[in-house]
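Working notes, structure below.
Order of listing sets the numbers, starting from 1, for every ligand and every atom in it.
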Amino acid sequence: MNKILLSLLVILSANSFAQQRCGTTERTQQLSENNKEFSIAKQKVNAETTKWIENNPNFSVKTIITIPIVVHVVWRNPQQNITDAQIFSQIDVLNKDFRKLNIDTINTPTVWQPIATDCEIEFCMATIDPNGNATTGITRTQTTVNSFGMNNDPVKSTSTGGANPWPSDDYLNIWVCKLDNLLGYSTVPSGWNDPGDGVVIGFNYFGTIGTIQSPYHKGRTTTHEIGHWLNLDHLWENGCGSDQVNDTPTQEEENYGCPGFPHNPNSCGTTNANGDMFMNYMDYTNDACMNLFTVGQKIRMISAINQ
Ligand code: ZN
Ligand code: CA
């Protein structure tokens with residue numbers, strides 16, 4: 001077959017499946033443009049974070065931090081009303097990834113194994129609701145909305161067909177719904193009172209069983225988005241910019257699929273022969289190819305929790 005025609009076909013078929021991996025950067029930019037207070041508050045958090053890290057050079061976690069989660073399932077058709085078991089499969093992934101108990105930690109390249117770390121953060125389903133009553137930590141809301149976008153967070157309010165959050169000081173709110181061509185997005189810590197605080201994940205990228213879709217079928221979309229929620233940036237922030245983490249190599253752009261190691265050595269004009277840390281949870285590679293957070297990322301997340 002004609003080579004040009006063939007590559008055209010490849011491009012067309014790739015585009016028809018195009019899903020944006022993560023909307024967090026876009027949402028954060030929009031908020032910054034529309035709210036000066038947000039922008040200032042976020043800069044302040046980053047300055048505080050730098051200070052906290054400098055002041056705690058030998059920090060160690062004394063007690064494992066456990067974050068209670070409420071999952072708001074917002075569904076239009078019964079398939080989107082995912083099972084409790086599917087939700088628990090996601091919590092299981094989080095507790096493995098953030099404690100470095102994931103079995104694929106053995107796939108971290110040898111050079112980075114010393115900095116692949118147990119973040120000492122755990123997650124549980126909420127057991128008490130905001131009224132003090134026993135709960136499974138799951139709410140279920142039927143909607144007439146076909147699919148949700150990011151603009152103004154429609155999934156986060158009953159008035160727009162979604163579900164209201166529980167108080168963000170006490171819970172990590174996660175909404176699971178059908179999203180418009182997007183796997184997930186999160187708010188970032190800012191000290192600014194963001195009414196939408198929390199994480200939103202497409203119902204076909206949440207957990208490891210049920211409605212999930214390969215190659216994003218191992219729960220890593222939620223691991224990635226909670227990374228943002230705890231103040232982690234993408235490794236390529238602004239393209240060759242800094243994710244404000246010293247032990248992650250500078251990277252030119254996001255990676256997809258499942259590259260071989262080393263990938264993009266000496267990118268961004270560096271002499272880093274190991275190339276991109278494409279298997280980091282804060283990249284865009286396939287779920288099966290991600291396997292670590294670094295020590296520097298852990299300190300940033302612990303600092304976010306401590307502020
Ligand atoms: Zn992201
Ligand atoms: Ca870095």
Passes side chain to side chain donor-acceptor pair (under 3.5 Å), Asp104 versus Asn291? Steps please.
CA-CA 6 Å; Asp104 50 9; Asn291 48 54; 5.4 Å; no
Could you check Ile64 against Arg99 for side chain to side chain contact (heavy atoms under 4.5 Å, CB included), going step by step and ending with a plain yes or no?
CA-CA 10 Å; Ile64 302 283; Arg99 293 301 319 271; 3.6 Å; yes
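Under 2.8 Å from the Zn ion (ligand 1), one finds the following protein N/O/S atoms: Cys22 SG, His224 NE2, His228 NE2, His234 NE2.
Under the 30°/60° scheme for interplanar angles, the aromatic rings of Trp236 and His234 are found to lie parallel. Relative ring orientation between Phe98 and Phe123 is described as perpendicular, the plane-to-plane angle rising above 60° on a 0-90° scale split at 30° and 60°.
Just one residue in the list Gln90, Gln86, Lys218 forms a side-chain contact (heavy atoms from CB on, under 4.5 Å) with Ile212, and that residue is Gln86.
For the atom pair Asp247 CG and Thr117 OG1, the distance stands at 9.5 Å (nearest 0.5 Å).
Counting only protein N, O or S atoms closer than 3.0 Å to the Ca ion (ligand 2) gives 4.
The shortest distance between side-chain heavy atoms of Glu254 and Arg21 does not fall below 4.5 Å.
The salt bridge (charged side-chain N to carboxylate O under 4.0 Å, His left out) search around Arg27 returns Asp153, Asp194, not counting sequence neighbours. Partners of Cys124 under the disulfide (SG to SG under 2.5 Å) rule, at least two apart in sequence or in another chain, do not exist in this structure.
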